[in-house]
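Beneath this line is the structure, given in structure tokens, with notes to follow.
For clarity, every value in this text was computed on a predicted model and none was experimentally measured. Letters A, B, ... are given to chains in the order of the sequence lines, protein chains preceding strands, and every chain is numbered from 1.
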Amino acid sequence: MSEANSYTEIYQMVQKIPRGQVATYGQIATICGMPQAARLVGLALHVCDIQKIPWHRVINRRGTISTTCLEHPVAMQKELLEREGIQVKKKAGAWTIDLRKYQWQD
DNA sequence: CCTGTGACGTGCT
DNA sequence: AAGCACGCCACAG
């Protein structure tokens, strides 16, 4: 685990997010020690097992998901987030979440 | 070995 | 307030 300098660390961090809260890519990257590698978090979640990783708790700085592959996951994300007590609103065609209210703090 | 890309972030215009 | 451009790190070809 100490050598977890790659996606592994990110996955562990995402799984560490408390239920009912969300975190931004930059937040995860910063905690992992790579405040400038927010893109890596996104890429990591892109290749991760969305069946095992609560990727829906990880969103961008705007509080929305810019997912290029918003094929199916978007609807599922809404279900998962609302199921955890997080309010998801639709704004300009994108799901918006109140970061100041749900953003996770380590 | 080098180049391109990507679920992002911040700054400037 | 909104949009555009650059920078960051890791991995694939």
Side-chain angles (χ1 to χ4, degrees):
Chain A
M1 335 200 189
S2 326
E3 69 276 34
N5 218 42
S6 50
Y7 300 148
T8 312
E9 185 73 12
I10 298 172
Y11 296 146
Q12 295 296 318
M13 188 58 57
V14 176
Q15 291 179 341
K16 214 172 94 177
I17 300 173
R19 180 175 173 278
Q21 292 193 342
V22 297
T24 65
Y25 300 102
Q27 179 100 44
I28 300 296
T30 301
I31 298 169
C32 285
M34 306 182 277
Q36 319 310 66
R39 313 191 77 159
L40 277 302
V41 181
L43 185 58
L45 290 175
H46 175 63
V47 298
C48 85
D49 266 306
I50 94 174
Q51 309 250 347
K52 299 185 88 170
I53 308 292
W55 61 275
H56 54 269
R57 291 183 190 157
V58 188
I59 53 184
N60 61 17
R61 217 15 177 162
R62 291 163 69 181
T64 59
I65 298 281
S66 299
T67 334
T68 53
C69 43
L70 39 83
E71 306 285 320
H72 271 219
V74 177
M76 179 170 68
Q77 181 209 26
K78 177 179 173 296
E79 283 286 324
L80 292 165
L81 291 174
E82 289 189 332
R83 182 180 159 192
E84 296 190 354
I86 299 174
Q87 286 192 336
V88 184
K89 287 185 168 181
K90 190 133 181 240
K91 187 154 196 170
W95 298 108
T96 308
I97 298 160
D98 295 308
L99 283 174
R100 57 180 189 179
K101 186 175 181 180
Y102 297 111
Q103 186 166 25
W104 171 50
Q105 299 175 40
D106 184 23

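- Within the structure, every pair that satisfies the side-chain hydrogen bond (donor to acceptor under 3.5 Å, both in side chains) test and touches residues 94-106 of chain A, not counting sequence neighbours, is listed here: A:Q27-A:Q103.
- Atoms CD1 and CD1, from A:I97 and A:I65 in turn, are 6.5 Å apart once rounded to the nearest 0.5 Å.
- Look at CE on A:M34: it is 10 Å from P on C:dC9, rounded to the nearest Å.
- Nucleotide B:dA7 holds its P atom 11 Å from the OH atom of A:Y7, rounded to whole Å.
- For the segment residues 99-106 of chain A, the set of residues with a heavy atom within less than 4.0 Å of an atom of DNA chain B is empty.
- Residues in residues 81-93 of chain A take part in these side-chain hydrogen bond (donor to acceptor under 3.5 Å, both in side chains) pairs, two or more places apart or across chains: A:H56-A:E84, A:R57-A:E84, A:K78-A:E82.
- Residues in residues 38-54 of chain A take part in no salt bridge (charged side-chain N to carboxylate O under 4.0 Å, His left out) pair, two or more places apart or across chains.
- The interatomic distance linking A:L80 (CG) with B:dA7 (P) rounds to 20 Å, in whole Å.
- Regarding A:Y25, its OH atom lies at a distance of 23 Å from the P atom of C:dG7, rounded to whole Å.
- One can place CD1 of A:I10 at 14 Å from P of C:dC9, the figure rounded to the nearest angstrom.
- Partner of A:Y7 under the side chain to side chain contact (heavy atoms under 4.5 Å, CB included) criterion, chosen from A:I53, A:L43, A:L45: A:L43.
- Within residues 41-56 of chain A, the residues having any heavy atom closer than 4.0 Å to DNA chain B are, in order of number, A:G42, A:L45, A:H46, A:W55.
- Going from atom CG of A:L40 over to atom P of B:dG6 covers 14 Å, rounded to whole Å.
- For the pair A:Y11 OH and C:dA10 C1', the interatomic distance rounds to 12 Å; values are reported in whole Å.
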For nucleotides 10-13 of chain B, give me every protein contact, N/O to N/O, under 3.5 Å, one pair per line with atom names.
none

Between A:I59 and A:Q77, is a side-chain contact (heavy atoms from CB on, under 4.5 Å) present by the stated rule, with each step listed?
CA-CA 11 Å; A:I59 53 184; A:Q77 181 209 26; 3.9 Å; yes

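- A pairwise comparison of heavy atoms in A:A44 and A:I10 identifies CB-CD1, 3.8 Å as the closest pair.
- Taking all atoms of both residues into account, the shortest heavy-atom contact from A:Y11 to A:C48 is CE2-CB, 3.1 Å.
- The base of B:dG9 lies outside donor-acceptor range of the side chain of A:R62, with no N or O pair under 3.5 Å.
- Between the CD atom of A:Q77 and the P atom of B:dA7 there is a distance of 15 Å, given to the nearest Å.
- Legend: residues meeting side chain to side chain donor-acceptor pair (under 3.5 Å) with A:T64, ordered by chain and number and at least two apart, are A:N60.
- Remark: A:A37 pairs with A:M34, A:L40 by the side chain to side chain contact (heavy atoms under 4.5 Å, CB included) rule, at least two apart or across chains.
- Heavy atoms only, all atoms of each residue included: A:I86 and A:Q21 are closest at CD1-N, 3.9 Å.
- For A:N60, whose side chain is taken as the heavy atoms from C-beta onward, the closest listed nucleotide among B:dA7, C:dC9, B:dC8 is B:dC8.
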Protein and nucleotides 2-6 of chain C: nitrogen or oxygen contacts under 3.5 angstrom:
none

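- Relative to the side chain of A:A37, the nucleotides C:dC9, B:dC8, C:dC11 differ in distance, and C:dC9 lies closest.
- Going from atom CG of A:L99 over to atom CZ of A:R62 covers 11.5 Å, rounded to the nearest 0.5 Å.
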